[in-house]
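Data first, discussion second: the structure below is written as structure tokens.
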Number of protein chains: 2
Amino acid sequence: MAVDRDHVLRSAAALLTRRSTATMDEVAKAAGISRATLHRQFAGRDALVRALEALGIAECEAALEAARPDEGPAGDAVRRLVAGIEPHAPLLAFLYTENQLFEGEEQNAGWARIDDRIAALFRRGQASGEFRIDLTPAWLTEALYGLLASAAWAVAEGRVAPKDFTHMIVELLLGGVRRPDTAPQRKES
Amino acid sequence: MAVDRDHVLRSAAALLTRRSTATMDEVAKAAGISRATLHRQFAGRDALVRALEALGIAECEAALEAARPDEGPAGDAVRRLVAGIEPHAPLLAFLYTENQLFEGEEQNAGWARIDDRIAALFRRGQASGEFRIDLTPAWLTEALYGLLASAAWAVAEGRVAPKDFTHMIVELLLGGVRRPDTAPQRKES
DNA sequence: CTCACATGAGACATCAGTGTCTCATTGCGG
DNA sequence: CCGCAATGAGACACTGATGTCTCATGTGAG
């Protein structure tokens, strides 16, 4: 009976990640169902996007859970987190831009929860002395989202090898571009 | 006679940065002109976006020029570049997501030029030993765009103080989050 | 086998945005 | 003062997407 709702969501995610303006008809075709059935599952395009948002939030929270952000060095936890999010990065990238659309309306509370947990991870790293303290946790959280989205697109467009995804993000985020062992580092950072 | 075309473009940029789906009517109102006049200036919405793209490219190239990317330490050049782009970051952020829409169609060649010059800057830093070489110039370029867009949104939403814009981006990009070991390089503040 | 229910296909009205048009008004230079 | 050009206001048709509806089909459970 029920069309595999999860399958519909996932194909919609895959399609919308590439063509964020895809029509309901295209979404239905991509899922291998008719537009009527798609409409029976999701009241409208808005409902579909909300469902995708819920899916993205759930996957983020699962990844957050699996990353054990409170264990071990914060840097390692960040790496585990990015690695766990990697499979869902395209969906996240879609939602990231889509969220810019929701300007006025209320955001799903799930994002706030996730933001808080990620920010807490960075804060923990700062408290332990592992991370520098001149970059605010809020900014680091935002930057992580931005890097995830950038990397997802770069991979989608073939500018970055898929296997390098986690490495590129984590190394840039944690270590930065500057070579640590460069001899004279007189720069006050 | 001619409505100040530049003024129209800039108010359109300001509006579309916040509401990327704003209607032509809203764009016209934001510029203080009628929809008819807006239409006389730009054949259609597409032409308007293209004009904004051209504006963004021009501003990027101007910033690139002003940053003197071939002079001095690459890190300093990156800082000059980000500082120069800062005023135009909202427009860039808009174009960055809008570009995801142009998937199939040909990209404006201007972006390729800019990509090349930025990538060349990173490559120069790598060649001089200033930057690490395990992060590809293409990825660093992409990441820079992502960070610029993230920061622009974070500032727009009040999550980051406008005055911290350049510092947050440059420090994260160059130095990363991880605190440099205090023992070997002691940096007295 | 038969019934029930989900689905696919498609018709249909609706709506929003767009692009084009006309016409009156305004403002400016000759 | 007159005429010209640009503008503003609005009507209009067109398009594309959406949401709702009906009906035929098919498949699975009893």
Side-chain angles (χ1 to χ4, degrees), chain A residues 1-56 91 94-95 97-106 108, chain B residues 1-56 91 94-95 97-106 108:
Chain A
M1 67 195 274
V3 159
D4 186 350
R5 180 187 156 104
D6 193 66
H7 163 70
V8 174
L9 270 181
R10 296 200 179 269
S11 33
L15 174 61
L16 288 173
T17 293
R18 284 173 297 145
R19 304 179 23 91
S20 59
T21 60
T23 187
M24 289 294 271
D25 208 70
E26 296 175 290
V27 173
K29 275 201 180 61
I33 63 177
S34 75
R35 198 164 68 93
T37 303
L38 175 61
H39 238 279
R40 285 180 193 112
Q41 290 284 325
F42 304 97
R45 186 192 183 75
D46 196 62
L48 174 62
V49 174
R50 299 292 176 163
L52 282 173
E53 189 180 31
L55 177 63
L91 173 58
F94 162 68
L95 294 173
T97 60
E98 198 73 5
N99 266 359
Q100 312 302 332
L101 275 260
F102 295 170
E103 342 112 33
E105 317 156 32
E106 81 296 343
N108 187 318
Chain B
M1 74 191 260
V3 159
D4 186 350
R5 181 186 156 102
D6 193 66
H7 163 71
V8 174
L9 270 182
R10 298 202 177 267
S11 34
L15 174 61
L16 288 173
T17 292
R18 284 173 297 146
R19 304 177 26 91
S20 59
T21 61
T23 187
M24 288 293 271
D25 209 69
E26 297 175 290
V27 172
K29 275 201 180 61
I33 63 177
S34 74
R35 197 164 67 93
T37 303
L38 175 61
H39 236 279
R40 285 179 193 114
Q41 290 285 325
F42 303 98
R45 186 193 183 75
D46 196 62
L48 175 62
V49 174
R50 299 293 177 165
L52 282 173
E53 190 179 31
L55 177 64
L91 173 58
F94 162 68
L95 293 173
T97 60
E98 199 72 6
N99 267 1
Q100 311 301 331
L101 275 261
F102 295 169
E103 341 112 31
E105 317 156 33
E106 81 294 346
N108 187 317

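Quick note: numbers below take in every heavy atom, side chains included, and nothing from hydrogens, waters or symmetry partners. Quick caveat: nothing in here was measured; it's all calculated off a predicted structure. By convention in this document, chain letters (A, B, ...) are assigned in the order of the sequence lines, proteins followed by strands, and residues within each chain are numbered from 1.
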Would you mind reading off the distance between [X] atom [atom1] and [N] atom [atom2], rounded to a whole angstrom?
X: Phe42(B); N: dT7(D); atom1: CZ; atom2: C1'; value: 16 Å
X: His7(B); N: dT7(D); atom1: NE2; atom2: P; value: 13 Å
X: Gln41(A); N: dA6(C); atom1: CD; atom2: C1'; value: 10 Å
X: Asp4(B); N: dA6(D); atom1: CG; atom2: C1'; value: 15 Å
X: Leu38(B); N: dA6(D); atom1: CG; atom2: P; value: 17 Å

- Any side-chain N or O of Thr37(A) less than 4.0 Å from the OP1 or OP2 oxygen of dT7(C)?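 No, because none of the side-chain N or O atoms of Thr37(A) sits under 4.0 Å from OP1 or OP2 of dT7(C).
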In this structure, CG of Leu15(B) is separated from CZ of Arg19(B) (nearest 0.5 Å) by 7.0 Å
d(Glu98(B) CD, Leu91(B) CG) to nearest 0.5 Å is 11.0 Å
Side chain to side chain contact (heavy atoms under 4.5 Å, CB included) filter on Ala51(B), not counting sequence neighbours, yields Arg5(B), Leu9(B), Phe42(B)
TODO: Could you pull out all residues at least two apart from Ala43(A) that satisfy side chain to side chain contact (heavy atoms under 4.5 Å, CB included)?
DONE: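 Residues passing side chain to side chain contact (heavy atoms under 4.5 Å, CB included) with Ala43(A): Ala47(A).
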What's touching nucleotides 13-18 of chain C from the protein side, N or O pairs under 3.5 Å?
| from | atom 1 | to | atom 2 | distance (Å) |
| --- | --- | --- | --- | --- |
| dT18(C) | OP1 | Arg45(B) | NH1 | 3.3 |
| dT18(C) | OP2 | Thr23(B) | OG1 | 2.6 |
| dT18(C) | OP2 | Met24(B) | N | 3.0 |

When every non-hydrogen atom of Leu95(A) is compared with those of Leu52(A), the smallest separation belongs to CD1-O, 3.7 Å
Hits for salt bridge (charged side-chain N to carboxylate O under 4.0 Å, His left out) against Arg40(B), two or more places apart or cross-chain, chain-then-number order -> none
Whether each nucleotide of nucleotides 21-28 of chain D has a protein heavy atom under 4.0 Å at its base (B), only at its sugar-phosphate (S) or at neither (-) is summarised, 5' to 3', as -B------
Sequence neighbours excluded, the answer for side chain to side chain donor-acceptor pair (under 3.5 Å) partners of Ser11(B) is none
Problem set entry | Leu48(B) side chain reached by Met24(B) side chain, heavy atoms, under 4.5 Å | yes
